[in-house]
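The chains referred to below are lettered A, B, ... by the order of the sequence lines, with proteins before strands, and numbering in each begins at 1.
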There are 2 protein chains.
Amino acid sequence: MELSERKMTILKAIVRNYLETGEPVGSRTISKYTDLNLSSATIRNEMADLEEMGYIVQPHTSAGRIPSDAGYRVYVDVMMEEKTKEVEEIKVNLLEKEAKLDQLLKQTAKLLATNTNYASMVSAPVIQGNRLKLIQLSRMSDRQLLVVIVADGNIIKNSIIPLSESINEETVLKLNILLNTNLNGLEIENITLGLIASLKQLAGIHSDIVGEVLDAVADAIHADEDLEIYTSGANNIFKYPELTDNNMASSIINTFEEKQDLNSLVVRNLESEDNNGIRVYIGEESPVASMKDCSIVTATYNLGDGMKGTIGIIGPKRMDYDKVVDNLKDVMHQLDSIYKK
Amino acid sequence: MELSERKMTILKAIVRNYLETGEPVGSRTISKYTDLNLSSATIRNEMADLEEMGYIVQPHTSAGRIPSDAGYRVYVDVMMEEKTKEVEEIKVNLLEKEAKLDQLLKQTAKLLATNTNYASMVSAPVIQGNRLKLIQLSRMSDRQLLVVIVADGNIIKNSIIPLSESINEETVLKLNILLNTNLNGLEIENITLGLIASLKQLAGIHSDIVGEVLDAVADAIHADEDLEIYTSGANNIFKYPELTDNNMASSIINTFEEKQDLNSLVVRNLESEDNNGIRVYIGEESPVASMKDCSIVTATYNLGDGMKGTIGIIGPKRMDYDKVVDNLKDVMHQLDSIYKK
DNA sequence: GTTAGCACTCGCCCAATCTGAGTGCTAACA
DNA sequence: TGTTAGCACTCAGATTGGGCGAGTGCTAAC
């Protein structure tokens with residue numbers, strides 16, 4: 001069977017109505033709600049077809065219909081297509097300029113959660129093809145070295161490394177110069193084994209220390225695998241009874257607290273570029289098991305210099321996709337422009 | 001009326017029974033549960049007294065009794081007294097040694113939550129009377145300076161400060177020496193205005209920069225006002241129906257997500273030293289409004305060098321206080337000893 | 001192809017009823 | 001005087017059954 005124009009109109013009406021009310025919607029409602037001027041009986045015939053096609057389901061006999069995951073899917077796809085044609089609307093809920101990036105991202109998460117009444121998450125930017133700006137070694141004690149690494153976008157990492165041999169101030173100075181002259185401006189991925197070997201050679205008798213320092217650099221970068229994620233409005237899920245039944249709320253809250261799963265969501269999301277950077281996961285499509293009854297909308301922000309991160313909204317399947325997408329786009333652009341200043 | 005020994009026994013039996021079952025407990029149960037060999041009728045008389053004295057309440061006529069906040073209070077007080085007499089028991093759920101303090105604390109929170117089946121929080125240590133170990137300035141660009149501050153306990157803070165005048169490498173080196181020779185080993189509280197003034201004088205034409213750097217130091221320390229708090233097991237509250245009614249769960253989860261209130265709990269807790277460092281807040285005693293229906297048990301850990309933090313367990317009023325106190329004591333000692341190694 | 005009409009289904013609401021745990025009181029007993 | 005058995009009473013919670021209404025599918029007619 002084919003999804004005729006009329007069927008499409010009816011499907012859209014059903015979804016939109018259900019988003020508003022959260023109640024199964026019946027044929028009579030649609031008959032009035034649309035401007036098709038069809039009787040409820042005709043609508044019923046069409047609805048029977050739509051059900052057969054898998055776009056809507058009946059929670060129980062003699063109830064109205066609600067959209068299936070597939071139904072939401074076509075609704076969202078059509079909506080997204082229409083959105084790309086729309087003129088970009090400028091909103092006024094400006095993010096305040098914040099000195100520190102982490103504060104800004106926290107605030108972003110909060111703003112999104114408040115505006116949408118869903119739960120939100122914002123990941124810190126992942127370093128991608130990022131360049132080293134500065135490596136600073138400082139001698140803390142006889143056998144302890146403080147390593148500070150600054151990368152593009154002023155991302156700072158520290159670590160204190162214990163040394164197997166003792167070291168004096170002069171050596172530290174030499175190593176600083178050695179490392180900075182050879183590594184600055186390099187992309188982190190480009191620090192090869194060959195380069196490391198030649199550095200070690202240059203360091204002479206201190207080659208061990210160079211090795212340890214570079215290990216620390218690698219570690220510091222590697223630590224980004226579990227990157228910071230800011231969340232807000234997790235308690236908004238309590239506004240949607242369908243998410244608080246059973247122990248659904250428990251597992252959702254857990255996901256938000258552990259953040260491990262959100263992390264893999266971010267990683268997965270950054271890997272594939274998309275449609276304006278906006279992606280919609282509906283129900284079972286969700287990559288996170290605990291959110292099989294939610295929808296997740298994500299966007300990718302890009303601060304330049306390969307600094308990308310993910311923003312996401314998590315809510316019930318009957319979320320207001322329009323509003324959410326608008327909000328995400330808006331915040332995305334605001335983030336970009338604030339940072340460029 | 002006086003709280004006779006027999007009344008005390010009955011009260012303890014009621015509390016203990018209610019902790020186990022979560023159901024109001026009746027006279028017949030107590031009559032069997034205790035070894036007093038009294039009939040249910042006698043127990044009823046005593047219970048009427050206990051109710052009049054405010055230690056127990058009836059949720060409704062013809063229901064059993066449950067402990068009031070006051071009832072829990074005497075139970076906990078007696079228990080705590082008995083505990084101090086007990087020999088310290090050594091548990092086996094060792095925390096693994098972790099290189100990084102934040103990892104260790106995260107793990108601690110998780111362990112507590114899993115062991116107790118309540119929600120847990122662990123605050124990062126507050127710096128109290130902490131000494132500066134190292135200040136490291138590095139020139140990032142013409143008008144940007146990277147400041148890295150290391151304090152006792154290897155607490156590291158960075159910030160990048162914009163300068164109002166340009167600066168060269170040589171000056172940075174001088175300032176590094178100046179600051180380190182004058183400030184190292186000083187407690188943060190002891191950096192007085194007088195000292196700052198004399199440093200500025202020593203810096204000569206670069207006095208402005210010294211001012212800016214010291215501001216950054218102050219800022220970095222000040223940022224500790226909202227210190228890191230690790231939480232775990234927030235979803236455990238769903239195991240206790242009395243905490244998930246109404247929108248209680250929502251506000252508890254919110255408190256856990258925002259962490260602002262937990263923060264003030266920590267601060268308040270560190271101010272007053274107590275009874276083994278263990279404190280119990282029951283219901284209305286709670287300093288956090290959203291937890292008026294919970295009990296909170298906190299402990300203070302002390303890593304030495306004035307580094308103290310708070311560990312807390314949040315659960316229903318009918319929590320297993322015994323177990324919680326044991327767990328907290330245990331973890332407290334483990335933290336202390338791990339760090340001393 | 002569209003519509004009116006009709007029988008049918010089934011979740012939900014409400015009120016009535018029943019059950020059982022638990023109480024308070026009283027009278028009797030040691 | 002403290003303890004106990006007995007009894008009437010209370011009340012939340014579970015169970016039942018009827019009525020309502022929203023909604024459906026089917027059929028026959030336009």
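- The main-chain N or O of B:Ile229 is found under 3.5 Å from a side-chain atom of B:Lys259 such that the two form a donor-acceptor pair.
- A:Tyr240 places no side-chain N or O within 3.5 Å of a backbone atom of A:Asn236 that could act as its donor or acceptor partner.
- Using a distance-only test at 3.5 Å, with no hydrogens or angles considered, a donor-acceptor pair links the side chain of A:Tyr118 to the main chain of A:Asp320.
- Regarding A:Glu23, its CD atom lies at a distance of 15 Å from the P atom of C:dG11, rounded to whole Å.
- Checked for salt-bridge contact, A:Glu258 and B:Lys110 meet the test: a charged N lies under 4.0 Å from a carboxylate O.
- Distance alone, capped at 3.5 Å, places no donor-acceptor pair between the B:Ser27 side chain and the B:Ile43 backbone.
- Between A:Lys32 atom NZ and D:dA22 atom C1' there is a gap of 12 Å when expressed in whole angstrom units.
- Residues of residues 56-64 of chain A having a heavy atom closer than 4.0 Å to DNA chain D, listed by number: A:Gln58, A:Ser62, A:Ala63, A:Gly64.
- Judged by distance alone, with hydrogens and angles left aside, the side-chain atoms of B:Asp69 form a donor-acceptor pair with the main-chain N or O of B:Glu284 at under 3.5 Å.
- A:Met47 places its CE atom 9 Å from the C1' atom of D:dG23, with the value rounded to the nearest Å.
- For the pair A:Ile66 CD1 and D:dA22 C1', the computed distance is 16 Å after rounding to whole Å.
- Across all strands shown, A:Ser27 has heavy atoms under 4.0 Å from sugar-phosphate atoms exclusively, and none from any base.
- Between the side chains of A:Thr298 and A:Asn269, at least one donor N or O lies within less than 3.5 Å of an accepting N or O.
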For DNA chain D, what is the dot-bracket line, given that a base pair needs Watson-Crick (N1 to N3, plus N6-O4 or O6-N4) or G-U wobble (N1-O2 and O6-N3) geometry with both distances under 3.5 Å, and | means paired with another strand? ||||||||||||||||||||||||||||||
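- Listed pair A:Thr42 / C:dG1 fails the phosphate criterion, with no side-chain N or O lying under 4.0 Å from OP1 or OP2.
- A:Asn45 has its CG atom 9 Å from the C1' atom of D:dG25, to the nearest Å.
- Contact annotation: A:Arg44 does not reach the phosphate of D:dA22 (side-chain N/O to OP1 or OP2, under 4.0 Å).
- Taking atom CD1 on B:Ile30 and atom C1' on C:dA21, their separation rounds to 14 Å, with Å as the unit.
- Side-chain atoms of B:Thr310 do not come within 3.5 Å of backbone N or O of B:Ser123 as any donor-acceptor pair.
- Rounding to whole angstrom units, CG of residue A:Leu50 and P of D:dG25 are separated by 12 Å.
- Proximity of a side-chain donor or acceptor of A:Glu46 to a complementary backbone N or O of A:Arg6 within less than 3.5 Å is not detected.
- In this structure, A:Asn37 places its CG atom 17 Å from C1' of C:dA4, rounding to the nearest Å.
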